[in-house]
Amino acid sequence: MVSVVISRLWGNFGACLYILLQVESVDLAIRLLDESTFKGEKLTVEKAKFQLKGEYNATFRKKKKGKKRKTNTQEKLLGWRELTVKRSKNERIVIFKNMFDPKEFEDDPVAITEIKDDVIKECKKFGQVKKSIVFDRHPEGVVSVAFKEPEMADECISVRHDWFAGRSLCRFDDF
């Protein structure tokens, strides 16, 4: 442990205590920071001194079993491991444009469920569909499909079916 003291002409102005993970870091911190200035104030960096206050009786002390856990924590912090990147929930969603004309629903409101069922049926070929929403008043004829996994959405986007119900289809996941 290292204690850092900010000194002024009339004495110690403030102090703080840093706990470092490795013993070697203490000497490095002293060598780099001692006698340096911070916001116009001189820093004094020294090894922390722990002193016993009162009497100590070792029989009252509890036995610690956490030594192994401490080394495992240090290994996780300092060790090399492969980082797994978890994809966001938004990457499961595919947006389809130009699926319908909003004027179609004025004549036949049941067409909303027909389009929704057709889209779900087609998208189930790529994986489990969690949710599908038809934005019936959107001027660009938008339908969103949420898959269970992002990989399923990727597969849906990669397949080239550019026509749906005689309309040119636009499919993307970048929104």
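Summarising the geometry, atom CD1 belonging to Ile115 is positioned 9.0 Å from atom OG1 belonging to Thr113; distances are rounded to the nearest 0.5 Å. A distance of 11.0 Å separates CD1 of Ile30 from OG of Ser25, quoted to the nearest 0.5 Å. Atoms CD1 and CD, from Ile112 and Glu104 in turn, are 10.5 Å apart once rounded to the nearest 0.5 Å.
Of all heavy-atom pairs between Ser88 and Pro150, the closest is O-CG, 4.4 Å.
Side-chain contact check for Glu155 versus Met152: every heavy-atom pair is 4.5 Å or farther apart. Taking the side chain as every heavy atom from C-beta outward, Glu114 and Asp117 never approach each other to under 4.5 Å. Side-chain contact between Phe126 and Ser158 is absent, with no heavy atoms from C-beta onward closer than 4.5 Å. Using a 4.5 Å cut-off on side-chain heavy atoms (C-beta onward), Val143 and Ile133 make no contact. Between Val145 and Val129 the shortest side-chain heavy-atom distance falls below 4.5 Å.
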Let's go through Arg31 and Leu28 carefully: what are the C-alpha distance in whole Å and the side-chain angles of both, what is the deciding distance for side chain to side chain contact (heavy atoms under 4.5 Å, CB included) to 0.1 Å, and is it a yes or a no?
CA-CA 5 Å; Arg31 196 172 55 224; Leu28 183 64; 3.2 Å; yes
Between Met99 and Val119, is the side chain to side chain contact (heavy atoms under 4.5 Å, CB included) condition met? List the steps.
CA-CA 9 Å; Met99 294 289 288; Val119 169; 3.2 Å; yes
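The side-chain contact (heavy atoms from CB on, under 4.5 Å) test applied to Thr37 returns no partner, not counting sequence neighbours. The ring-ring contact (aromatic ring centres under 6.0 Å, His included) check on Phe135 picks up nothing, with sequence neighbours excluded. The side-chain hydrogen bond (donor to acceptor under 3.5 Å, both in side chains) search around Glu106 returns none, not counting sequence neighbours. Partners of Glu151 according to the salt bridge (Lys or Arg N to Asp or Glu O under 4.0 Å) rule, which considers only residues two or more places apart in sequence or in another chain, are Arg87. Residues passing the side-chain contact (heavy atoms from CB on, under 4.5 Å) test with Asp107, sequence neighbours excluded: none. Not counting sequence neighbours, the partners of Lys125 by the side-chain contact (heavy atoms from CB on, under 4.5 Å) test are Glu122.
Residue pairs meeting the side chain to side chain donor-acceptor pair (under 3.5 Å) criterion with at least one member in residues 130-146, sequence neighbours excluded, are Lys97-Glu140.
Ring geometry for Phe105 versus Phe100: interplanar angle of 30 to 60°, hence tilted.
Within the 3.5 Å criterion, the main-chain N or O of Phe147 finds a donor-acceptor partner in the side chain of Arg92.
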